[in-house]
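Only one structure is covered here, and it is reproduced in the block below.
Values below: every heavy atom of this structure, side chains too, minus hydrogens, waters and symmetry copies. Treat the numbers as computed from the prediction; the structure is a model and nothing was measured. Numbers here simply count residues along the sequence, with the first being 1.
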Amino acid sequence: DFGDPGAKPLAAGQSCGSIRQELDRLDARGTQSKVEAATQGKKLPPAAQADVNRYNDLLNSYLGARCHV
């Protein structure tokens, strides 16, 4: 498999379940639409941008650790 590095370990204190819960909480606050706005280059208020950054970090951890498989 083309040099796949494999699943990345999660940060201390994180689990697939805890990341999923936090992603769900951010989703409930409408973060997904903020992520889409940021992706389209829209300027977001600092609090919204912080949510977007957190969401992206969590999603990268979640996918990197192969929680989705």
Side-chain angles (χ1 to χ4, degrees):
D1 196 329
F2 306 104
D4 184 344
K8 289 189 286 212
L10 291 169
Q14 278 189 324
S15 68
C16 287
S18 70
I19 292 173
R20 182 74 251 164
Q21 283 179 321
E22 194 169 348
L23 284 168
D24 287 345
R25 275 197 300 274
L26 287 165
D27 276 340
R29 294 201 334 231
T31 303
Q32 191 61 49
S33 62
K34 296 174 196 165
V35 169
E36 287 164 16
T39 303
Q40 294 164 4
K42 294 193 173 86
K43 197 85 179 104
L44 297 172
Q49 187 61 54
D51 280 351
V52 167
N53 293 343
R54 181 69 181 146
Y55 190 89
N56 286 331
D57 287 346
L58 288 166
L59 196 58
N60 286 336
S61 294
Y62 190 80
L63 297 175
R66 306 253 169 94
C67 291
H68 58 300
V69 291

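At a threshold of 4.5 Å between non-hydrogen side-chain atoms, the residues Asn60 and Lys8 do not count as touching.
A distance of 7.0 Å separates OG1 of Thr39 from CG of Asn56, quoted to the nearest 0.5 Å. Residue Leu59 holds its CG atom at 10.5 Å from CG of Leu26, rounded to the nearest 0.5 Å. We find the CZ-CG distance between Arg29 and Asp51 to be 4.0 Å, quoted to the nearest 0.5 Å. The line from OG1 of Thr31 to CG of Asn53 is 11.0 Å long, rounded to the nearest 0.5 Å. Atom NZ of Lys42 sits about 9.5 Å away from atom CD of Glu36, to the nearest 0.5 Å.
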Mind listing the side-chain donor-acceptor pairs of residues 16-24 below 3.5 Å, one per line with the distance, residues two or more places apart or on another chain?
| from | atom 1 | to | atom 2 | distance (Å) |
| --- | --- | --- | --- | --- |
| Ser18 | OG | Ser15 | N | 2.9 |
| Ser18 | OG | Ser15 | O | 3.1 |
| Ser18 | OG | Ser15 | OG | 3.4 |
| Arg20 | NE | Asp24 | OD1 | 3.2 |
| Arg20 | NH2 | Asp24 | OD1 | 2.9 |
| Glu22 | OE1 | Arg54 | NH2 | 2.9 |
| Glu22 | OE2 | Arg54 | NE | 2.8 |
| Glu22 | OE2 | Arg54 | NH2 | 3.4 |

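Across all their heavy atoms, Leu10 and Ala65 have their closest contact at CD2-CB, 3.5 Å.
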